[in-house]
Each structure stands twice: as structure tokens, then as C-alpha cells.
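To start, the structure itself, in C-alpha cells.
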Amino acid sequence: MTDTDFGTWVRENLLLPLGLHETRIREDYTEIIPGLAASYAWRGAEPGYFEDTLVSSAVGAGNLITSVNDLLVWADYLMNARLYGGILLDALSEQAERPPADRQSGYGLGLYVGEHRGLRIVHHGGGTAGNRAYLMLFPDQNIRIVV
């Protein structure tokens with residue numbers, strides 16, 4: 001067992017070794033993060049937009065803050081990493097079957113898989129408060145799109 005908090009452990013053992021220097025687990029929602037974009041959402045009435053600040057410190061399935069630059073580094077890692085002699089992205093793209101038995105679930109191990117205009121894609125998005133991110137990979141064409 002370790003006395004290291006979750007965010008520190010993730011940063012030291014996963015993020016920094018992968019070169020993700022602008023990514024962190026935000027364990028304290030009051031923390032000021034330099035360069036973090038303000039988060040807004042549409043109210044639907046005047047004055048329209050309002051600040052949509054995340055006020056949660058729950059970590060694990062959320063509160064991962066990153067940048068477009070780091071998301072590109074992550075995309076490169078997914079496209080090129082090997083695991084036990086195979087390509088990591090292929091392992092993460094394995095889908096569970098669902099009834100009827102010949103139908104795929106469309107979801108691998110943490111990533112959506114499918115086709116876009118006849119090309120194989122692997123993708124996932126995320127969001128918290130008014131911030132959004134999206135990663136789309138075209139593995140056969142070696143193309144990465146991050147927003």
C-alpha cells in the first residue's frame with residue numbers, strides 16, 4: 001500500500017512517463033490551473049451563456065484535465081504502443097458481443113469502435129461542466145483528430 005494520493009500516483013506513474021505534461025487529475029475543484037479554458041454553457045434565455053464551473057472533486061471516471069497538445073501525444077501513443085507483442089489499440093478495440101450473438105457492442109475496452117464513411121475508426125469523447133474534448137483515430141490511415 002502507498003501513502004501517495006491518486007492524482008500524484010497517476011501523474012508520476014502514467015502521465016509523466018508518457019510525456020503528458022499538461023494533463024492532471026483535478027482532485028480539488030478550487031485549484032487554479034494555468035491555461036485552463038473557462039467553461040460556459042447555454043442557458044436558453046437572456047443573457048444566454050453562463051459560466052458552467054465544475055464543482056466536484058470526484059476522481060476516477062472524471063476530473064481528468066488535459067490539453068489538445070497532450071491529447072495528440074495520447075493519440076500517438078494509442079496508435080503506436082505495443083502490448084504483449086500486439087498493438088495496444090487493437091486490444092482496446094476488442095468488442096463484446098451482445099444478443100443476437102452476431103452483433104458487436106460498438107464499445108471496446110474504454111473506446112468506441114466503428115466505421116465512418118467506410119473507414120475503421122476508434123473514438124471517444126469526454127466532457128465536464130462546459131468543457132468538451134474528442135479523440136478520433138483512423139488506425140488504417142494513421143490519422144488522429146483531436147478537438
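Residue numbers count from 1 along this sequence. Atom set for the values below is all heavy atoms of this structure, side chains included, hydrogens, waters and symmetry mates excluded.
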Linking I/L/V/M/F/W/Y whenever any side-chain heavy atoms sit under 4.5 Å apart, do [X] and [Y] land together?
| X | Y | value |
| --- | --- | --- |
| L16 | L14 | no |
| V68 | Y77 | yes |
| L72 | L111 | yes |
| W74 | V146 | yes |
| I121 | I145 | yes |

Between [atom1] of [X] and [atom2] of [Y], what distance do you get to the nearest 0.5 Å?
| X | Y | atom1 | atom2 | result |
| --- | --- | --- | --- | --- |
| T23 | R11 | OG1 | CZ | 8.0 Å |
| D70 | I65 | CG | CD1 | 12.0 Å |
| T66 | R24 | OG1 | CZ | 10.5 Å |

Query - Short side-chain to backbone donor-acceptor contact, E22 and S67, under 3.5 Å - result: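 Pair absent, no side-chain N/O of E22 close to backbone of S67.
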Query raised in the report: Which residues pass the salt bridge (Lys or Arg N to Asp or Glu O under 4.0 Å) test with E12, sequence neighbours left out?
Result: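 Salt bridge (Lys or Arg N to Asp or Glu O under 4.0 Å) check on E12 returns nothing, list empty.
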Report task. Under the salt bridge (Lys or Arg N to Asp or Glu O under 4.0 Å) rule, collect the residues that match up with R144, sequence neighbours excluded. Result ->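 Listed in chain order: D76.
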Query raised in the report: Can we call the ring centroids of W9 and F6 under 6.0 Å apart?
Result: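 No, they do not, as the ring centres are separated by 6.0 Å or more.
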**Report entry** Any side-chain donor near an acceptor of the partner, S39 and N131, under 3.5 Å
**Finding:**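 N131 and S39 do have a side-chain donor-acceptor pair below 3.5 Å.
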Requested in this report: Output, in order, the C-alpha distance, side-chain angles, deciding distance and verdict of side chain to side chain contact (heavy atoms under 4.5 Å, CB included) for I25 and L64.
Outcome: CA-CA 5 Å; I25 300 291; L64 177 72; 3.7 Å; yes
Are [X] and [Y] side-chain neighbours, meaning at least one heavy-atom pair lies under 4.5 Å?
| X | Y | value |
| --- | --- | --- |
| L119 | I143 | no |
| L137 | L89 | yes |
| D52 | Y40 | no |

Requested in this report: Using side-chain contact (heavy atoms from CB on, under 4.5 Å) as the criterion, list what pairs up with R120, not counting sequence neighbours.
Outcome: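 Here the qualifying residues are D90, P139, D140.
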Report task. Report the relative orientation of the aromatic rings in H123 and Y112; use parallel for angles under 30°, tilted for 30 to 60°, perpendicular for over 60°. Result ->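 Rings of H123 and Y112: parallel, under 30°.
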Query raised in the report: Which pair of non-hydrogen atoms, one from V73 and one from G19, has the smallest distance, and what is that distance?
Result: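 Looking at all heavy atoms of both residues, the closest pair is CG1-O, 4.2 Å.
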Query raised in the report: Would one find more than 12 heavy atoms of other residues, nucleotides or ligands at under 6.0 Å from atom OH of Y29?
Result: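 At most 12 heavy atoms, drawn from other residues, nucleotides or ligands, come within 6.0 Å of this atom.
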